[in-house]
2 protein chains.
Amino acid sequence: MSQQAGTRRRVGIADVAARAGVSLGTASKALNGRGTLREETRARVRAAADELGFAPSTVARSLLSGRTFTVGIITTDSYGRFSIPVMRGVEDSLGVGEMIAFLCDSRDDPIREAHHLRKLLERQVDGIIVAGRRTDPRPPLSENLPVPVVYAFAPSNDPEDCSVVSDERGAARLAVEHLVKTGRRRIAHITGPQSHAAARERAAGAADALAELGLAMAGEPMFGSWTETWGRFAAAQLLRGHPDVDGVFCGSDVVARGVTDGLREAGAALPMQVGVVGIDNWEVIAEAARPPLTTVDLGLEQLGHRAGDLLLAAIDGHPAPGVHVVEGHLVVRES
Amino acid sequence: MSQQAGTRRRVGIADVAARAGVSLGTASKALNGRGTLREETRARVRAAADELGFAPSTVARSLLSGRTFTVGIITTDSYGRFSIPVMRGVEDSLGVGEMIAFLCDSRDDPIREAHHLRKLLERQVDGIIVAGRRTDPRPPLSENLPVPVVYAFAPSNDPEDCSVVSDERGAARLAVEHLVKTGRRRIAHITGPQSHAAARERAAGAADALAELGLAMAGEPMFGSWTETWGRFAAAQLLRGHPDVDGVFCGSDVVARGVTDGLREAGAALPMQVGVVGIDNWEVIAEAARPPLTTVDLGLEQLGHRAGDLLLAAIDGHPAPGVHVVEGHLVVRES
DNA sequence: AAACGTGGGGAAAACGTTTTCTTGACGCCA
DNA sequence: TGGCGTCAAGAAAACGTTTTCCCCACGTTT
């Protein structure tokens, strides 16, 4: 139990072998369940390992096997609302395979990204996940990498790469269908900047869903920014142009929150007169809104989990190139 | 340039040596600037390495040196508002030392934490950073670890450990002083649950600062929860009990945002009649408030950076046990 | 001219595992 | 009784570096 006072050397498998009175190789086999050994011998080795608190060096093991059981996660926004749940899902998925992840924050800087990539390859990671903060497609990491790569949230613009994305159009459809189901008929759309693929996709999805239900959107989609300020402003403007609007689908929870405030302060009764639905399920925003926001959860954690699973499969030699879509789900609150 | 079509083996230093016509050891010395070699030889080896795209295997290097140039970050809330900037700072600090971090999310579960710890030690990390999501002291990771540990944000309750914390009382002081400087005299405090050390410390700091300025707090500190709903409710109640209040220091931006809404809707003119200051500088909250929130930034990224620096120093044999405090700074907006 | 120092570079050990190959003992069958 | 198959375990190679030790050739000094 007690450590020798002097140099505290790492206890290696050689120490275990010596204590159990067997050779080095035998100890290895005993601990890994390989080879043919007497059960009594195995037990003796295991006991010795326990007594010494032996933990095998992953480094030595990696050197031999060429596998490190590590992956790299390169994220463009560590701060982000989006990459965090994705990372959480990834970690969850990797954990079952006894893998562990290196975290690299590229901060949207290609130079930092290249630097991180080099570091990861030097460390011989078994695979890499690239998590973006916007849904817009991004250029691939590099050509001819020696390890598999999975793009999460922000897909690669090479369709041969493996990407996992959220179902933006489906999310818009869920939101619109909820509004219609709750009796809304004159539905407007207030969202973020048109330069963002997410805003465009959600607008298109909403238009499609409305059309299929035989409805027309109340006015054109209102593109602006992902801010509450824009939501408030747009809501007031909307009410002036379309006083009879009874539903607003917003491109994000932040916008939706601004919209609820804008509508309420312009005299609309929420949720009776106008229903509002957002996207993101960002709880600190959605729950504090008045009324608390009904919203679509994009399932980012599942997305990350899926990305991890796909990467593990690719590492095991079963790559699944192409774009994989993860569905979201509606979270009904009071708006 | 072009790869041989067959097995794509990793290019090792042996390949470089062969190409440069020198021995393995010489190649190593040339690339690492060790030993005494002719400059011409060094250049030849470097050229060969470049042509082959040689990248040394960190794994092999680690095996020999016993150092891996990796650290583990164990965080109790990957989702979190708090650990993210901390991690960002840590990564920043480590990057200059060519180190890289493993990310482990313990989700506040001691079992997961122990599991992650084991994984990290197996991988022979050079050090560990533990990042919490609350400022309350936490039990140390484990006794007698073979690597240095630095606690960030949530300190260890063993004062012999190395912890880095934010200056909660100082932050409260900054907020109160700002209110006083802008002419407020009847200042109240609305904050989160008394069970949180952060709420208690900030309240104590505010009381101290007011006392030093010869003022008394308007009423007792109002403890509640870290929500907007509580902020709104408390603001209305405050105005009933102390109609002449002209400043509110809030324990967080979320609470402060609720307070601004509550005050405004109770008829107070902001920021003329009542000044409000928060803590956190959570931009999405603070900037969307009306008026945009003046708040104290706790300097979490610097905190993380500091933690990284301290860990690197400890790894280099210069530990600095004890509690290290990082100062925040005021961010003046319009409230 | 012999001894010595030094610059330049090679050979081999070391790190801690896993895995393959080999060896020895024993039992069974002819 | 001899040969063969099998079970158990040891010996050694392998992974890709770094580093120590050693050697050789050359120039300098006495």
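Order of the sequence lines sets the chain letters (A, B, ...), proteins ahead of strands, with each chain counted from 1.
- Following rounding to the nearest Å, B:I13 (CD1) and C:dG10 (C1') show an atom-to-atom distance of 14 Å.
- With sequence neighbours excluded, no residue forms a salt bridge (charged side-chain N to carboxylate O under 4.0 Å, His left out) with A:D297.
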Mind listing the N/O atom pairs, protein and nucleotides 22-25 of chain D, below 3.5 Å?
none

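- When rounded to the nearest whole Å, the span between CG of A:N32 and C1' of C:dG16 equals 13 Å.
- Residue B:T41 is the one, among B:T41 and A:R34, whose nearest nucleotide of DNA chain C lies closer to the 5' end (criterion: closest heavy atom).
- Taking atom CG of residue A:L63 and atom C1' of nucleotide C:dT18, one finds them 11 Å apart after rounding to whole Å.
- A side chain to side chain contact (heavy atoms under 4.5 Å, CB included) with B:I129 is found for exactly one of B:V71, B:I74, B:V90, namely B:V90.
- Among A:C104, A:S106, A:S142, the one residue that satisfies the side chain to side chain contact (heavy atoms under 4.5 Å, CB included) test with A:L117 is A:S142.
- At distances below 3.5 Å, not a single donor-acceptor pair connects side-chain atoms of A:Y151 with backbone N or O atoms of A:N157.
- Note that NE2 of B:H116 and CD1 of B:I111 are 12.0 Å apart. Values are rounded to the nearest 0.5 Å.
- Side-chain N/O atoms of A:R38 include one lying less than 4.0 angstrom from OP1 or OP2 on D:dA9.
- Taking 4.0 Å as the cut-off between side-chain N and carboxylate O, A:E113 and A:R118 do not count as a salt-bridged pair.
- In the region residues 18-31 of chain B, proximity to DNA chain D at under 4.0 angstrom, judged on heavy atoms, holds for B:L24, B:G25, B:S28, B:K29.
- Within the structure, salt bridge (charged side-chain N to carboxylate O under 4.0 Å, His left out) pairs that include any residue of residues 143-164 of chain A do not occur (at least two apart or interchain).
- Rounded to whole Å, atom P of D:dC15 lies 13 Å from atom CD of A:Q124.
- With rounding to whole Å, B:L64 atom CG is found 5 Å from C:dC15 atom C1'.
- The side chain of B:L37 lies closest to C:dG9, out of D:dT17, C:dG9, D:dA9.
- The side chain of A:S57 approaches C:dG16 more closely than any other nucleotide in the set C:dT18, C:dG16, D:dT17.
- Side-chain N/O atoms of B:Q124 and A:S57 include a donor and acceptor closer than 3.5 Å.
- Distance from the side chain of B:R61 is smallest to D:dT18 among C:dT17, C:dT19, D:dT18.
- Annotation: salt bridge (charged side-chain N to carboxylate O under 4.0 Å, His left out) contacts involving residues 123-137 of chain A, sequence neighbours excluded, comprise A:R67-A:D126, A:D108-A:R133, A:R134-A:D136.
- Checking B:T75 against B:D105 by side-chain atom types alone, no donor-acceptor pair falls below 3.5 Å.
- Computed from coordinates, the A:E39 CD to D:dC7 C1' distance equals 15 Å when rounded to whole Å.
- Between the B:K119 side chain and the A:M99 main chain, a donor and an acceptor come within less than 3.5 Å of each other.
- Remark: B:E39 engages B:R46 in a salt bridge, criterion side-chain N to carboxylate O under 4.0 Å.
- Summarising the geometry, the separation between CG on A:D15 and C1' on C:dT17 is reported as 13 Å, rounded to the nearest angstrom.
- Summarising the geometry, the separation between CZ on B:R123 and P on C:dT17 is reported as 14 Å, rounded to the nearest angstrom.
- End-to-end axis angle for the helix from C:dA1-D:dT30 to C:dA30-D:dT1, using five pairs per end and rounding to 10°, comes out at 70°.
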